[in-house]
Structure formats: structure tokens, C-alpha cells
Amino acid sequence: MLGGILIFNIFIVDDEKGIVEGLKIIIERNMLNCKIVGCAYNGVEGSIKIMQLKPDIVITDICMPQADGLEMIKELKNKGCEAKFIILSGHSEFEYAKKGIALGVKFYINKPVEEDELFDSINKVIEDISKEKAQIEKSIEDMDFMSYKNIIELREMQNVTRKKDVIEQVKEYIIKNYEKNITLAELSSRFFINPYYLSQLFKEKTGVMYLNFVMEIRINKARELLEKTDLKIYEICEAVGYSDTNYFSKLFERFTGCRPSEYKKKNEICRKY
């Protein structure tokens, strides 16, 4: 990038030094968005330097000593070179064109070089490069967006799991400690969660308010004690976490439809028969 202009690096390969120098002058004088980064005079030298310099565009002759332009392009492609190639040749035989097409070469310029044809070919290659870069950037943006989206979804899943785990832990704690004076403040402190939020979350995840859940656990335990033991009503009341027998009796009746004493008598009759 130079002064806001995106610069494309060009490498020239030709065994005629006069052509190399001429192309350098023509391109750099007329194409401000292009820079000649190097040159070579045969395919072997060209292959080595191109892999080092990594130009955007390579302009190469075909017939050269040691290795011709097509051999050089093939070797570079095999090495993973991503440069775009323009073939410069005094030969117009179809076989050269066929080999070049097979190697992905799109543009050919015949010697002697016409400036307009040269500029047109370079501009078309630049257009291809720009399109590919835009596609790559869009793909990266899409990947970044999907990654961000996946992270958000993962965090949401983790939050849901964490919330579910917290409520399960709260339920387990209540079941194990139902006889204690379990307050919302104690639960929120124990499980590091805002009391109001805990109350709302408990209702959302279980379908009942936390207090009703505590009452249900206690009354079910009271029923069990009434069915299986000879404990007095006040003893059962204390055993399940209540200190006021009258209050306990009213709660029991609300949940079961009868008072503890009535429930106890029914079960005693059932046990006799």
C-alpha cells in the first residue's frame, strides 16, 4: 500500500536483457499501482527468485535456456506458488497455448510487445487477484462471524447448563436439609446467586416457587413418618422443620386434604387390616 494505492508486485523472466529493461521502464512509468520487484534471465533462476520474493504477477518468456517458461511455471505451481502468470513469447504455436492453459495461464502477449496489450493484460490479472482477495476476505469474515456465533451459542448452552446445575444443586440441598430453617438468603449465599434471580430461576426450572417446594418436601416426609412411626404429631412437626404445630397442621391439610391426626388414624386402621 503506497499513498492509499494498493501496489501489485511484478517479476519479469526473459533471456533478452533489453526486453526485461524495456518492460521495467514501461510498466513503472505508466502503471502507478505496479512495482517491478525482480527479474531473471532463465527459468531456473526465475523459479528460485520467485519463490523468495513471492510476487503477485510473473511476466515470462517461453523459450529460454536451462528451463523454459512453461517448465518454470509448472515447477512453481508444484511448489505452491500463488502468482498469476502472463506469457510473453514470439511464438504463436497452439501447443504452447495448450500447455499454458493446462497450467492455468490466461494471458499471452506476443513479441514485439504492444503497450496497450501489455497494460490490458496486467489490469485483467490485477482484477482477477482483487476478486480472489475479496472472496478470501469475505470467507474469513463469514468464518469469524460463524466462530463468534458459535462462541455465543456455546456460552448460552453453558449458561443454561450452569443454571440447570445450580437449581439441581439447590433442590438436592433442600431435600437433604428440609428439617432446617432454609431461607432464600441462605440459598443465594451458598450458591452465589442473587436471591431474587434465584427465586425466579427456581420457578422457571421447576414450575413451583422455592417455598412451595420446601413445603412439599416437608409434608411428604411428614406423611412418611405418620405412616411408618409412632411419633406424636408435635414430634413429627419438629422433625420436618416446623415449630408451630397448628401452622404445620394447616399446611398438611392444604397439601393432603386432611389433618395430620386424621391421616395418622386412617393409616393405623389400614395397618390393622
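The residues of the chain are indexed from 1 along the displayed sequence. Remember, predicted model here, so these are calculated numbers, not experimental data.
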What do you reckon, is CD of Glu82 surrounded by more than 12 foreign heavy atoms closer than 6.0 Å?
no

I'd like to know if Glu21 and Lys17 make a salt bridge, using a cut-off of under 4.0 Å between side-chain N and carboxylate O.
no

Show your working on salt bridge (charged side-chain N to carboxylate O under 4.0 Å, His left out) between Glu262 and Lys265 and close with a plain yes or no.
CA-CA 5 Å; Glu262 295 170 353; Lys265 285 179 183 178; over 6 Å; no

Heavy-atom check, side chain of Ile182 versus side chain of Asn177, under 4.5 Å
yes

I'd like to know whether Tyr263 forms a side-chain hydrogen bond (donor to acceptor under 3.5 Å, both in side chains) with Glu253, so could you lay out the CA-CA distance, the side-chain angles of the two residues, the decisive distance to 0.1 Å, and finally the verdict.
CA-CA 9 Å; Tyr263 191 88; Glu253 185 175 9; over 6 Å; no

Can you name the residues that form a ring-ring contact (aromatic ring centres under 6.0 Å, His included) with Tyr247, not counting sequence neighbours?
Tyr242

Can Lys49 and Glu45 be counted as an ion pair, charged N to O under 4.0 angstrom?
yes

Intermediate values then yes/no, salt bridge (charged side-chain N to carboxylate O under 4.0 Å, His left out), Lys79 and Glu75
CA-CA 6 Å; Lys79 289 179 179 178; Glu75 182 182 347; 2.9 Å; yes

Got a list of side-chain donor-acceptor pairs under 3.5 Å for residues 118-130, not counting sequence neighbours?
| from | atom 1 | to | atom 2 | distance (Å) |
| --- | --- | --- | --- | --- |
| Asp120 | OD2 | Lys124 | NZ | 3.2 |
| Ser121 | OG | Glu117 | O | 3.0 |
| Asn123 | ND2 | Phe119 | O | 3.1 |
| Asp128 | OD2 | Lys106 | NZ | 3.2 |
| Ser130 | OG | Ile126 | O | 2.9 |

Is the shortest heavy-atom distance from the side chain of Phe202 to the side chain of Leu187 under 4.5 Å?
no

Please report the interatomic distance CD1(Ile174) to NZ(Lys180), rounded to the nearest 0.5 Å.
12.5 Å

Do Glu115 and Arg29 meet the salt-bridge criterion of a basic N to acidic O distance under 4.0 Å?
no

Would you kindly say whether Tyr41 and Glu16 are connected by a side-chain donor-acceptor distance under 3.5 Å?
no

